[in-house]
There are 2 protein chains.
Amino acid sequence: MPDTKITAKRGRPRAFDRDEALAKAQLLFHAKGYDALSVADLTQALGINPPSFYAAFKSKLELYDEVLRRYEKTNGLDVDTALAPGTPLPDGVAKLLRYAADAYARGGPCGCMVIEGARGTADPQAGQKACARMEASRAYIREKVVVLDAKNAEICSDYIMMSFAGLSASARNGMSTERLRVMAAIAADGFSSYLEKDV
Amino acid sequence: MPDTKITAKRGRPRAFDRDEALAKAQLLFHAKGYDALSVADLTQALGINPPSFYAAFKSKLELYDEVLRRYEKTNGLDVDTALAPGTPLPDGVAKLLRYAADAYARGGPCGCMVIEGARGTADPQAGQKACARMEASRAYIREKVVVLDAKNAEICSDYIMMSFAGLSASARNGMSTERLRVMAAIAADGFSSYLEKDV
DNA sequence: TTATTTTTGTATCAGGCACTACACAATCCT
DNA sequence: AGGATTGTGTAGTGCCTGATACAAAAATAA
């Protein structure tokens with residue numbers, strides 16, 4: 001009976017750690033963006049040659065897509081906690097924006113990789129990949145908001161995404177986490193006021 | 001006595017209208033961004049050949065800088081009106097964000113050329129040019145805010161710039177002017193609440 | 001006319017980009 | 001051992017980028 005081991009290894013073994021390389025690539029893409037990071041930069045940083053790179057990751061674009069999904073797992077905001085059922089919507093928005101403020105300047109002034117990649121990426125395919133991930137996030141947030149306040153779900157998710165973009169941009173401009181938190185709180189207060197008028 | 005005419009023309013006259021070309025280049029840079037717009041794209045759109053392009057504009061980078069300044073003149077927000085002396089700061093912020101909402105989706109989903117160019121531009125020199133213009137705008141706004149409320153000038157200008165970035169990103173994502181205005185009003189309300197707590 | 005200056009079109013340039021052909025090396029399976 | 005399979009290093013592919021060399025053309029100045 002054949003061994004059902006996941007890493008069915010036949011042939012010459014890979015000389016580098018693929019996951020480690022993926023983590024490094026994530027940091028590089030996050031810091032420099034898709035266009036400004038060349039395959040030559042990557043191979044040099046990873047200490048490998050182009051054929052090894054393409055054997056492991058297929059192409060720059062596929063690596064980017066894989067990195068985007070990894071980023072969501074490692075750096076994704078805890079939407080479920082922020083918008084847990086039963087949470088008053090204003091509190092949920094405040095929490096979520098606070099999470100973003102905490103995250104976007106962590107480990108350097110890089111903002112959100114998905115949001116930054118969704119715009120300003122010259123390569124159309126890469127931009128589309130990032131846009132797709134951003135839309136998925138928006139949809140997930142909207143889904144959670146609907147449970148809390150179906151009537152305001154659209155405007156709420158729009159406002160959250162806009163605030164994310166503003167916070168991400170500010171973070172990339174060097175704003176401190178402390179100051180980002182203040183910005184997030186102010187923005188959240190605005191949505192709170194909006195709901196009060198409405199109800 | 002020599003003619004002091006500004007257009008002292010000697011030699012073969014230019015076969016195209018430089019200002020017109022500048023306006024076209026502005027639209028193109030605004031729509032596609034610095035990196036995604038090649039010199040070949042430009043020369044083709046302008047109906048000229050590379051040597052004519054370089055004779056008129058020196059380089060892609062210098063044209064971009066010229067376009068950025070032209071953009072500020074043609075599409076710049078009326079900060080002086082929004083933040084005129086005597087205006088209550090919350091009203092000024094609301095006006096300014098409203099202006100941005102009105103402007104960012106005008107003529108297509110392009111957002112603010114300066115803000116979008118300041119990030120996400122792979123070419124470091126071009127990114128620096130856009131960043132410099134954005135910093136100049138921030139400084140100008142802060143200067144006007146100081147007159148209205150010196151104590152809150154820093155946090156206010158930070159919040160305005162963050163909101164601009166959020167609005168610009170949303171506009172580029174296709175948000176309508178109508179919806180952008182709602183977003184701007186909500187964001188402005190947040191700053192209003194912040195000031196009320198503080199005073 | 002003749003000289004000078006500037007623009008124009010043709011045909012490139014060198015350099016960086018993502019990516020690969022090829023032969024060899026290193027492992028597993030029989 | 002021998003065959004199959006997979007990764008690696010050297011070297012290079014074609015393509016697109018921003019930018020030019022060059023000579024002819026079109027204007028002014030003397």
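Reminder, nothing fancy here: chain letters follow the sequence lines and each chain counts from 1. Here the structure is a predicted model, which means the values were calculated and not measured.
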query = Can you tell me how far C1' of C:dG9 sits from CZ of B:Arg14, to the nearest Å?
reply = 16 Å
Interatomic distance where CG belongs to B:Leu42 and P belongs to D:dG18 [whole Å] = 8 Å
task = Would you please say whether a donor-acceptor pair under 3.5 Å links the side chains of B:Asp41 and B:Ser38?
result = yes
query = Which listed nucleotide (D:dA19, D:dG9, D:dA4) is nearest to the side chain of A:Arg10?
reply = D:dA4
ask   = Separation of A:Glu62 atom CD from C:dA18 atom P, in whole Å?
value = 15 Å
ask   = Picking from A:Arg18, A:Lys129, A:Lys58, what satisfies salt bridge (charged side-chain N to carboxylate O under 4.0 Å, His left out) with A:Glu66?
value = A:Arg18
message = How many whole angstroms separate atom CD1 of A:Ile48 from atom P of C:dA25?
response = 21 Å
remark   = Testing D:dG18, C:dT27, D:dT8 for proximity to the side chain of A:Phe16, the answer is D:dT8
note = Rounded to whole Å, the CG-C1' distance (B:Asp35 to C:dC17) equals 14 Å
Euclidean distance, atom CG of residue A:Asn49 to atom P of D:dT6 [Å, nearest integer] = 21 Å
remark   = From the candidates C:dC19, D:dG18, C:dA11, the one with an atom nearest any side-chain atom of A:Pro50 is C:dC19
request  = Would you mind telling me which of D:dT10, C:dT7, C:dC19 lies closest to the side-chain atoms of A:Tyr54?
outcome  = C:dC19
message = Under 4.0 Å, heavy atoms only, any strand: does A:Leu63 hit a base, just the sugar-phosphate, or nothing?
response = nothing
message = Whole angstroms only, please: what is the CZ-P distance between B:Arg18 and C:dT7?
response = 10 Å
Side chain of B:Arg12 (C-beta onward), nearest among C:dT20, D:dA26, D:dG18 = D:dA26
remark   = A:Pro13 has its side chain closest, among C:dA26, C:dT10, D:dT20, to C:dA26
Spacing of B:Met113 atom CE and B:Arg70 atom CZ [to the nearest 0.5 Å] = 10.5 Å
ask   = When you measure from the side chain of B:Pro51, which nucleotide among C:dT10, D:dT10, C:dC19 comes out closest?
value = C:dT10
query = Would you call A:Asp189 and B:Lys197 a salt bridge, taking side-chain N to carboxylate O under 4.0 Å as the test?
reply = yes
key: B:Leu37 CG - D:dC16 C1' separation (whole Å)   = 14 Å
request  = Between B:Ser52 and A:Phe53, just flag the one whose closest nucleotide in DNA chain C comes earlier from the 5' side.
outcome  = B:Ser52
inquiry  = Under 4.0 Å, counting only non-hydrogen atoms across every strand here, what does B:Ala15 touch: a base, just sugar-phosphate, or nothing?
reply    = sugar-phosphate
note = From the list B:Phe191, B:Phe164, B:Tyr194, ring pair (Phe, Tyr, Trp, His ring centres under 6.0 Å) partner of B:Tyr159 resolves to B:Phe191
